[in-house]
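I have placed the structure first, in the form of structure tokens, so that the comments after it can refer back to it.
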Number of protein chains: 2
Amino acid sequence: MAKVDRIRIYDVARIAGVSVATASKALNDTGRMTEATRTRVKQTAAALGFRPNAMARALTRQRSFTIGLLTNDTYGRFTLPVMAGINEALVDQGVSVFLCGIEDDATLAKVHVDAMLDKQVDGIIATGKRIDRRLPVDLADLPVPVVYAFTEGPADAVTLVSDDAQGARAATECLLALGRRRLVHVTGPEDFASVAARAAAFRQAAGSAAPVLFGAWSEAWGHEAVSRLWSEGPVPDAIFCGNDQIARGVVDALRERGVAVPADVSVVGFDNWEIVSAATRPPLTTVDMNLKELGREAGRLILELAEGKPVEPGIRTLPCKLVVRQSCGSKTLAAIQGEGTLQEV
Amino acid sequence: MAKVDRIRIYDVARIAGVSVATASKALNDTGRMTEATRTRVKQTAAALGFRPNAMARALTRQRSFTIGLLTNDTYGRFTLPVMAGINEALVDQGVSVFLCGIEDDATLAKVHVDAMLDKQVDGIIATGKRIDRRLPVDLADLPVPVVYAFTEGPADAVTLVSDDAQGARAATECLLALGRRRLVHVTGPEDFASVAARAAAFRQAAGSAAPVLFGAWSEAWGHEAVSRLWSEGPVPDAIFCGNDQIARGVVDALRERGVAVPADVSVVGFDNWEIVSAATRPPLTTVDMNLKELGREAGRLILELAEGKPVEPGIRTLPCKLVVRQSCGSKTLAAIQGEGTLQEV
DNA sequence: CTGAAAGCGCTAACAA
DNA sequence: TTGTTAGCGCTTTCAG
């Protein structure tokens, strides 16, 4: 821990033989001066390894180059990809991200938000695990801009969501393109907005008579759904699942039942949570919500807002893409990929 | 976005009828003054909703109440629990955490570290997914303290690791306590330090002849190990796995083979990654590395270092605890829990 | 016990 | 083209 004092712009100025003001302008490419002076200052700065003190700079510029990311997604399944995208969009702008997880605890959330505001964040990105649930804290009247990603915000806010309907449609059409005709949708709890959206899109593509089974977001529900389907009526030849965990449960249950996937039944999941989708046997074809891109977009938007640029409020929908692996059957792989990927709405 | 100007200490002072200096001292519980003045200032501050500008404060105090968390664990499987612990330890001290993920990219890592230093972080916690791998960046001569958690640092650094040996011993002893005698350890790649440590502890407890199978950190390897074990020699009655994914693969393979878990074979995992361990049928008994506690400890330590308190360098080992679910058999549950939990080394 | 004044490191008017 | 002078909002000597 070398306690060598950081060199300040003052040192750079002195050694370059200019005033502090000139040094500042030279380094920030502002003001007017001979190219010679500017390069000389820049060179001495580089030689000295000068790095401006971001706090001091923030104090005058009223901009901290810091943003806050608030999330209530404990597992990080949604947050981490989003975070990666945000960082990607912001790192070369020199913006750093405060991450704080709040587990649906309103008091804790307020503490964190206050701490962020105290630290003069330029903006806050709120993210969660459900599009139709708000974080337990009101971000509406903050003195900094807010972008909502994957969580519900006020009507006049800037909100980013992935396109559940388009994703579900892509999955369903893929199954139809494979020649499947008896499609079933096994999904999560009925009161989730995304469940409703996906189910509606599924029915629209597969026919309004196509069965939809609502349940839990778990492997166990996938198992149960299969045993229900196989004990009741005409068995399906394709199952589109509401998430990868359900899909994994379905695939496992089918295997145990001696039903071949994808030969007898095609299965498609949702989320592309690789730890689940890639470990399933066979690996899952699944809908990827492009969360990293969503994060990138959130980063871009919060930056524009922070810079005072106008950003149209409202809900921005980002397309999902179908990731084709083996669980759907791949006879017409080429055809599917042509249809299923990155379809604009 | 209410653009109402934040009130400054100047406003508080004016309204309370004191000078800025007095206000500052009153609010920070420093200096000397009548209790009356102090309370009056505090009350007006509270009434006005005054929140000090952390940047301005940092500038004078040379302390930003901000730390950086550096990680190369993309999935967040280790980082997120650690992060939760860190936050828990720091939030009431008003410390916020910059998170940045660097995917083994040295350049990116340097950019992030520099950005953190520019922002005057009070310290950096480095964390990874392997105890025996360094992050792709040298943190040794930074002007701020560094704590290593779950990643290798220089010999004279402050490092936190979980106690692999004790965890493995707890697992093995649990299996022995259940009356199992033909134990096998199925684990990850041999060149991982934690693999070696766990294997050694396993052999020490189970007998030096007890077989250890090295492979990959995957479900697939769990499957393969079972087929190898059941085709080769005397079948085991207990399998201790190097992580939960392997364990899940093992349990699935056994079920497919008609071997009952835990009736015929007891299985224990490692990590307690709930998304895997709880979804396994039956749910996994597994070793929990107490990562949250590790994070808490890291937070405490970095804080002490930041405050200039002396901290003994060296490796600090935190105990694991055995989480008993169903995959090990629970006849002697009480006995096991007595032995297996939070054993100090 | 209280307040005036001098910074923290940097940026930005305004002069020169 | 460059430098002087004020701050940003807060803390902290040091006089009063």
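Chain naming here is simple, since letters A, B, ... match the order of the sequence lines and numbering starts at 1 in each. These numbers were taken from a predicted model, which means no experiment stands behind them.
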What integer distance in Å separates N28(A):CG from dC10(C):C1'? 9 Å
Evaluate the side-chain proximity of R51(A) to R6(A): yes if any heavy-atom separation is below 4.5 Å, no if none is. yes
Do L80(B) and L80(A) come within less than 4.5 Å of each other through their side chains, counting heavy atoms only? yes
It should be established whether T30(A) places a side-chain nitrogen or oxygen under 4.0 Å from OP1 or OP2 of nucleotide dT11(C). no
Separation of dT2(D) P from R40(A) CZ (nearest whole Å): 8 Å
Whole angstrom value for the distance that separates P of dG3(D) from CE of M33(A): 9 Å
Any side-chain heavy-atom pair from E297(A) and N290(A) closer than 4.5 angstrom? no
Could you tell me the separation between the CZ atom of R32(B) and the P atom of dC14(D), rounded to a whole number of Å? 15 Å
Calculate the interatomic distance between D29(A) atom CG and dT11(C) atom P; express it in whole Å. 12 Å
Determine whether the side chains of K25(A) and T30(A) contain a donor N or O and an acceptor N or O closer than 3.5 Å. no
Less than 4.5 Å apart, any side-chain heavy atom of M33(A) and any of T22(A)? yes
Between V158(A) and R316(A), is any pair of side-chain heavy atoms under 4.5 Å apart? yes
For a quick test of reading the model: is some side-chain N or O of S24(B) closer than 4.0 Å to OP1 or OP2 of dT12(D)? no
What is the distance, to the nearest angstrom, from the CZ atom on F65(A) to the P atom on dC10(C)? 15 Å
Pairwise side-chain contact, R296(A) with I86(A), heavy-atom cut-off 4.5 Å (strictly under): no
Distance, rounded to the nearest Å, where K119(A) contributes NZ and dG9(D) contributes P: 18 Å
Check nucleotides 4-9 of chain C against the protein and report each pair of N or O atoms closer than 3.5 Å, with its distance, or say if there are none.
residue	atom	partner	partner atom	Å
dG9(C)	N2	A56(A)	O	3.2

Of the nucleotides dT2(C), dG3(D), dA12(C), which has the atom closest to the R61(A) side chain? dA12(C)
Nearest-Å distance for atom pair CD/P, residues E35(B) and dC1(C): 10 Å
